[in-house]
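Accompanying notes for the structure given below.
Nothing fancy with the numbering, it's 1 onward along the sequence. When reading the values below, keep in mind they use all heavy atoms of this one structure, side chains included, and skip hydrogens, waters and symmetry mates.
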Amino acid sequence: MTRTLCLAQDAEADQLLSTDDFALLLGMLLDQQYPMEHAFRGPQKLAGRMGGFDLRRIAEADPAEFEELAATPPAIHRYGRSMARRAQALANYIIEHYDGVPAKIWTEGDPDGKEVLRRLQDLPGFGAQKAKIFLALLGKQRGVQPEGWRKAAGAYGDEGSRRSVADVVDAETLAEVREFKKQAKAVAKAAE
């Protein structure tokens with residue numbers, strides 16, 4: 001698919017997410033305990049500070065300098081230094097396991113949805129839920145649809161759902177996803 005993503009709700013940041021697989025993975029990594037659109041703006045902030053966005057430069061950056069870069073206001077995340085360490089761990093993992101080519105996660109060896117999910121769960125900072133959401137994002141918005149991807153993504157793969165970032169295509173769907181999450185929290189709290 002060639003459609004530009006609309007996750008960061010910022011044209012420049014969304015263009016980077018749409019054209020750089022590591023930027024998209026990093027945005028997903030940052031999407032926790034932080035507003036979604038701000039998390040997905042993180043890669044663009046790094047690109048502006050590093051004179052471009054490059055997985056290998058992130059991996060090879062001096063850790064203390066990279067933490068400072070990530071934590072400088074506006075920071076890439078509420079926990080900028082911690083997330084900088086996670087970003088470097090993710091970059092190094094992709095270099096070590098996928099020759100620095102993130103797309104190999106979902107293309108190498110023609111994997112099915114279950115295998116792509118397993119590979120995503122193996123990434124530093126990606127648990128089961130984050131991996132399912134990212135798989136759904138790939139399937140729904142990037143045209144990456146290995147056999148069984150919807151089943152592997154669980155409810156996040158449901159067509160027409162408004163559960164996660166995988167379903168955000170504009171400001172309206174962002175609001176719908178927020179409302180779904182708000183209602184899900186209310187139900188969970190009532191069940192306590």
Side-chain angles (χ1 to χ4, degrees), residues 1-55 57-59 66-67 69-91 93-94 102-103 105-106 116 120-121 123-144 153 156-157 161-182 184:
M1 288 186 174
T2 56
R3 180 177 60 181
T4 300
L5 296 169
C6 194
L7 307 177
Q9 309 284 301
D10 172 89
E12 214 175 335
D14 283 324
Q15 182 61 36
L16 178 62
L17 297 169
S18 300
T19 57
D20 188 298
D21 294 328
F22 184 67
L24 189 58
L25 278 167
L26 181 55
M28 189 73 224
L29 176 77
L30 297 172
D31 187 20
Q32 61 186 50
Q33 301 177 335
Y34 199 53
M36 182 205 83
E37 66 275 23
H38 294 290
F40 281 94
R41 290 177 192 156
Q44 181 60 40
K45 289 176 186 174
L46 290 174
R49 295 170 190 177
M50 296 181 79
F53 191 82
D54 183 84
L55 177 147
R57 284 184 53 217
I58 290 171
F66 189 70
E67 280 184 31
L69 189 96
T72 298
I76 64 167
H77 192 275
R78 164 183 305 144
Y79 304 112
R81 293 182 188 284
S82 170
M83 287 301 182
R85 291 190 294 273
R86 288 182 178 197
Q88 285 192 298
L90 180 61
Y93 184 92
I94 291 172
I105 296 167
W106 49 88
V116 174
L120 290 168
Q121 287 176 314
L123 296 175
F126 276 66
Q129 184 173 341
K130 191 176 288 283
K132 286 180 179 182
I133 292 169
F134 194 81
L135 179 58
L137 175 61
L138 289 172
K140 290 179 173 182
Q141 296 200 46
R142 301 312 302 153
V144 176
Y156 298 108
S161 69
R162 294 291 184 262
R163 295 180 179 277
S164 72
V165 65
D167 304 310
V168 175
V169 295
D170 54 26
E172 184 180 327
T173 51
L174 172 61
E176 291 171 1
V177 167
R178 280 221 168 92
E179 184 59 29
F180 173 84
K181 289 181 177 186
K182 183 178 169 184

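- Rounded to the nearest 0.5 angstrom, K45 NZ and T72 OG1 are separated by 11.0 Å.
- Residues passing the ring pair (Phe, Tyr, Trp, His ring centres under 6.0 Å) test with F126, sequence neighbours excluded: none.
- The side-chain contact (heavy atoms from CB on, under 4.5 Å) search around A84 returns F66, E67, A70, not counting sequence neighbours.
- Here the side chain of R41 pairs no donor or acceptor atom with the backbone of D10 at under 3.5 angstrom.
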TODO: Report the C-alpha distance between V169 and K140 in whole Å, list the side-chain angles of each, state the deciding distance to 0.1 Å, and finish with yes or no for side chain to side chain contact (heavy atoms under 4.5 Å, CB included).
DONE: CA-CA 10 Å; V169 295; K140 290 179 173 182; over 6 Å; no
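- Annotation: side chain of Y156 is not in contact with side chain of L135 (no heavy-atom distance under 4.5 Å).
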- [ ] Quick one: do T4 and D14 satisfy side chain to side chain donor-acceptor pair (under 3.5 Å)? Show the steps, please.
- [x] CA-CA 7 Å; T4 300; D14 283 324; over 6 Å; no
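- Contact record, I58 with Q88: O-NE2, 2.9 Å, taken as the closest heavy-atom pair.
- Residues E37 and V168 form no side-chain contact, since every pair of their non-hydrogen atoms from C-beta on lies 4.5 Å or further apart.
- Under the rule for a side-chain contact (heavy atoms from CB on, under 4.5 Å), A75 has no partner lying at least two apart in sequence or in another chain.
- Here the CG atom belonging to L17 is positioned 8.5 Å from the CZ atom belonging to F53, to the nearest 0.5 angstrom.
- The two residues A131 and Q121 come nearest to each other via the heavy atoms CB-CG, 3.4 Å.
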Would you be so kind as to tabulate the donor-acceptor pairs closer than 3.5 Å made by side chains of residues 20-36, with sequence neighbours excluded?
from: D20; atom 1: OD1; to: F22; atom 2: N; distance (Å): 2.9
from: D20; atom 1: OD1; to: A23; atom 2: N; distance (Å): 2.9

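- Counting non-hydrogen atoms of other residues, nucleotides and ligands closer than 6.0 Å to CD of E179 gives a total above 12.
- Closest approach of A71 to R81, counting heavy atoms only: CB-CG, 3.8 Å.
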Open item on the list: I'd like to know whether L90 forms a side chain to side chain contact (heavy atoms under 4.5 Å, CB included) with L123, so could you lay out the CA-CA distance, the side-chain angles of the two residues, the decisive distance to 0.1 Å, and finally the verdict.
Closed with: CA-CA 7 Å; L90 180 61; L123 296 175; 4.0 Å; yes
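- Between the NE2 atom in H38 and the NE2 atom in H77 there is a gap of 11.5 Å [rounded to 0.5 Å].
- Annotation: the span from R142 atom CZ to F134 atom CZ amounts to 9.5 Å, rounded to 0.5 Å.
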Open item on the list: Run T173 and D167 through side chain to side chain contact (heavy atoms under 4.5 Å, CB included) and show every step you take.
Closed with: CA-CA 7 Å; T173 51; D167 304 310; 5.8 Å; no
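- Rounding to the nearest 0.5 angstrom, the gap separating the CD1 atom in I133 from the CG atom in L120 is 11.5 Å.
- Partners of Q15 by side-chain hydrogen bond (donor to acceptor under 3.5 Å, both in side chains), not counting sequence neighbours: none found.
- Taking each heavy atom of A89 and P124 in turn, the nearest pair found is O-CG, 3.8 Å.
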Task: Pair F40-L5, side chain to side chain contact (heavy atoms under 4.5 Å, CB included): steps then yes or no - done: CA-CA 10 Å; F40 281 94; L5 296 169; over 6 Å; no
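- Atom SG in C6 sits 9.0 Å away from atom CD in Q141 (nearest 0.5 Å).
- In this structure, R86 has no side-chain hydrogen bond (donor to acceptor under 3.5 Å, both in side chains) partners at least two apart in sequence or on a different chain.
- Counting only heavy atoms from C-beta outward, the side chains of V116 and V144 never approach each other to under 4.5 Å.
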